[in-house]
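Before any comments, here is the structure.
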There are 2 protein chains.
Amino acid sequence: MTVTLKDVAERAGVSRSAVSRTFTPGASVSAKTRSKVEQAAAELGYAPSALASGLSTGRTKLIGLVSNNFRNPIFLEVFDLFTRAIQDRGLRPLLVNLSEDTDPEAAIRMLRQYSVDAVIVASSTLSAAFAANCKAAGLPVVHAFGRATRYPEVPVVGIDNVEAGRMAARALLARGYRDIGFLGGPAGATTTQDRLAGFRQELARHPGCRLRESFASTYSHDAGAVEMSRLMDSGPLAEAYFCGDDVIAIGALGVLRKAGREVPGDVGLIGFNDMEAASWDLVTLTTIRQPLDEIIAVSVGQAIALSEQPETPVTQTLLPLTLIERGTLRPEM
Amino acid sequence: MTVTLKDVAERAGVSRSAVSRTFTPGASVSAKTRSKVEQAAAELGYAPSALASGLSTGRTKLIGLVSNNFRNPIFLEVFDLFTRAIQDRGLRPLLVNLSEDTDPEAAIRMLRQYSVDAVIVASSTLSAAFAANCKAAGLPVVHAFGRATRYPEVPVVGIDNVEAGRMAARALLARGYRDIGFLGGPAGATTTQDRLAGFRQELARHPGCRLRESFASTYSHDAGAVEMSRLMDSGPLAEAYFCGDDVIAIGALGVLRKAGREVPGDVGLIGFNDMEAASWDLVTLTTIRQPLDEIIAVSVGQAIALSEQPETPVTQTLLPLTLIERGTLRPEM
DNA sequence: GGGCGAATTGCAACCGGTTCCTAAACCGGT
DNA sequence: ACCGGTTTAGGAACCGGTTGCAATTCGCCC
């Protein structure tokens, strides 16, 4: 059923190598053979086997796309952009869902078995060790949405979360908030820690400020709602909260509105990510946008570079954030 | 760098075939050789190449997962469930983003090149021709969220959209609505047409009813918002609307609330899909749930069956819908 | 027409497994 | 120790390409 090199070669009356060469860009074939081969190939509906070619060349044009974040709405956009970017470069994404109950080591073994050209880890909550293990296993890897470190093992493309914390603090201060809450994501997440560090830093420069800290158990709507409920039950609220991400913020917002609190009248809220729902009329969340498209473009570019040139030096790319002003913070004073 | 069969064979002091057999379930190897091989393999960190094995066996354990729906929030859940289901069965998803500007034929060629074991098309808006073309190209295929037809070419797993229309109509009628609107998805989509057909059918059984029909240009928040704005600008609204899906409904809901209309006080709204955001406190959308997990489990099961037994007869599986009552319809009378 | 270097071509080995087939090792029984 | 019937092991061909190398062909000039 499948048409092979040999079939085309016989039909075109040339050798198998000749056929292979006409399909290998930059190989030496005469115009005459090329056209004979191309015609035969077209007649037979020949498409070279990526498996066989991967086997002999060592490059499969497969990119392992690993994430553990299949429930956060922001990842819809992330997957869309990643798959497009990868496809546009002539590669294909082999998707790995690294949810709680799957073994990271097994995933790495699998990626090696399929000899993917490179791995892109797309997650801010996956430990840096995973990417490092990929590298140790000989897989070129880049960590998108990863954490910048002083001595990085693998290339990281993302944002400066400490700066994100500062930016949020500045936004709140500029709008006259002084009794301020940090409603972060999971306390153990590096994103949470970094943003909190930046947030504290900036508030510390304003003596009269009060900072209260609390954490949602996961980056999810319900965790945000639960934590905001808890805060409401345990005394007066702060004037405004910097939330771990948009989906946490939306959870908090829902609880506040349901309890009859006005946002931004009674309480201010600022999120993080600028996911699509943040701009819904029902939501209109003020937030900090991370440049997804750039992060992804750079990640894919680096993954490719690394797969072609394994000795490419490890770099970190931190891209700029933007404050997106909508309706959950009072206007600047 | 990569450890091969040969390396393991030499180290274990056996033939390459012996090694291959210890890694092939159900092959005949003595306990003694097996343990020698396993030890050697462990010492060397050997993992058999999926490429090579795919090349000789013809099965790659790759499943092509094709969709054109990377922006609808419901697909986050869909991708999560699909990737898990596929991985749990020992296969891996090769993701194909079939967005507007990508060539379907190229995608099929690509899937053949990688000799995927089967293709799952996950989309209600992708033409049935795509799946049919896969089949014609010799790829086992199942169409998840596809449309049931009288003489199906490929297996379809999904829901009965005509029944969905009826169900929505019954829900509205039962709550006393008589002046009723259909705010569908794109007019050309089969889902829209089928649901409208069922909707009409059921309303036709209630003589005193008025039905108005309109369509959002895409299954998206903004299209829903735009269409609802248009309706508001062009005269009095119906008492309640059946929306093309949840995201359209949420767009419409946002516009209504912004305009000061009460939902469900002034206007009722019912969506479709039961995506996660439908249950957010800010939204609490009454909707019709399609059983994603079952659709996906069945789809994956069929894809596997088909890949192992290509002559499996073509079946259609339509799974039951559930009305999820939240807060955008007045109570049943 | 002969000679020369460059462009093409085909052969054959190889990528890393799988599997058919035959030969060897093994088993219990006598 | 020998026999007959199973297992098990190894050799070799094959899956469908790629590529180094040597041989051939080509174009061009004298």
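Naming: A, B, ... by sequence-line order, numbering from 1 per chain.
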Mind checking what makes salt bridge (Lys or Arg N to Asp or Glu O under 4.0 Å) contact with Arg11(A), not counting sequence neighbours? Glu43(A)

Arg21(B): what forms a salt bridge (Lys or Arg N to Asp or Glu O under 4.0 Å) with it, not counting sequence neighbours?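 Result, salt bridge (Lys or Arg N to Asp or Glu O under 4.0 Å) vs Arg21(B): none returned.
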
Residues from residues 37-61 of chain A sitting under 4.0 Å of DNA chain C, heavy atoms only? Leu55(A), Ser56(A)

Contacting residues from residues 20-29 of chain A, given that a heavy atom lies under 4.0 angstrom of DNA chain C: Arg21(A), Ser28(A), Val29(A)

Atom-pair distance ([atom1] on [X]; [atom2] on [N]), nearest Å:
X: Lys6(B); N: dG16(C); atom1: NZ; atom2: P; result: 9 Å
X: Asp7(B); N: dG17(C); atom1: CG; atom2: P; result: 9 Å
X: Tyr114(A); N: dG17(C); atom1: OH; atom2: C1'; result: 14 Å
X: Leu5(B); N: dA12(D); atom1: CG; atom2: P; result: 16 Å

Quick one: do Gln302(B) and Thr315(B) satisfy side chain to side chain donor-acceptor pair (under 3.5 Å)? Show the steps, please. CA-CA 9 Å; Gln302(B) 294 220 347; Thr315(B) 62; 3.1 Å; yes

To the nearest 10°, let me know how far the axis at one end of the helix from dG1(C)-dC30(D) to dT30(C)-dA1(D) is tilted from the axis at the other, five pairs an end.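 Helix axis angle between the two ends: 30°.
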
Polar side chain donor-acceptor pair, [X] to [Y], under 3.5 angstrom:
X: Thr191(A); Y: Tyr219(A); value: yes
X: Asp117(A); Y: Ser307(A); value: no
X: Asn68(B); Y: Thr125(B); value: yes

When you measure from the side chain of Lys135(B) to the backbone of Val154(B), do you find a donor-acceptor pair of N or O atoms at a distance under 3.5 Å?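 A pair under 3.5 Å: no.
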
Without swapping roles, check the side chain of His143(A) against the backbone of Ala148(A) for a donor-acceptor pair under 3.5 Å. no

Quick one: the side chain of Arg16(A) and the base of dG17(D), do they pair up donor-acceptor inside 3.5 Å? yes

Presence of donor-acceptor pair under 3.5 Å, side chain of Ser15(A) and base of dC11(C): no

Mind checking whether Phe75(A) and Phe145(A) have parallel, tilted or perpendicular rings, split at 30° and 60°? tilted

Taking the six-membered ring for Trp, are Phe70(B) and Phe79(B) parallel (under 30°), tilted (30 to 60°) or perpendicular (over 60°)?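 Taking Phe79(B) first and then Phe70(B), their aromatic rings sit tilted (interplane angle of 30° to 60°).
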
State plainly whether the residues Glu105(A) and Arg112(A) are in salt-bridge range, i.e. N to O under 4.0 Å.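 No, this pair does not count.
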
Under 4.0 Å, counting only non-hydrogen atoms across every strand here, what does Ser17(A) touch: a base, just sugar-phosphate, or nothing?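 Ser17(A): base contact, heavy atoms under 4.0 Å.
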
When we call it a touch if two heavy atoms are under 4.0 Å apart, what does Val14(B) touch: a base, just sugar-phosphate, or nothing?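 Sugar-phosphate contact only - Val14(B) comes under 4.0 Å of backbone atoms but never of a base.
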
Would the number of heavy atoms belonging to other residues, nucleotides or ligands and lying under 6.0 Å from CD of Glu153(A) be above 12?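 For Glu153(A), atom CD is not crowded (no more than 12 foreign heavy atoms under 6.0 Å).
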
Pairs under 3.5 Å (N/O, protein and nucleotides 22-29 of chain C):
none

When rounded to the nearest 0.5 angstrom, what distance separates NZ in Lys61(A) from CZ in Arg89(A)?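 The CZ atom of Arg89(A) is 12.5 Å from NZ of Lys61(A), to the nearest 0.5 Å.
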
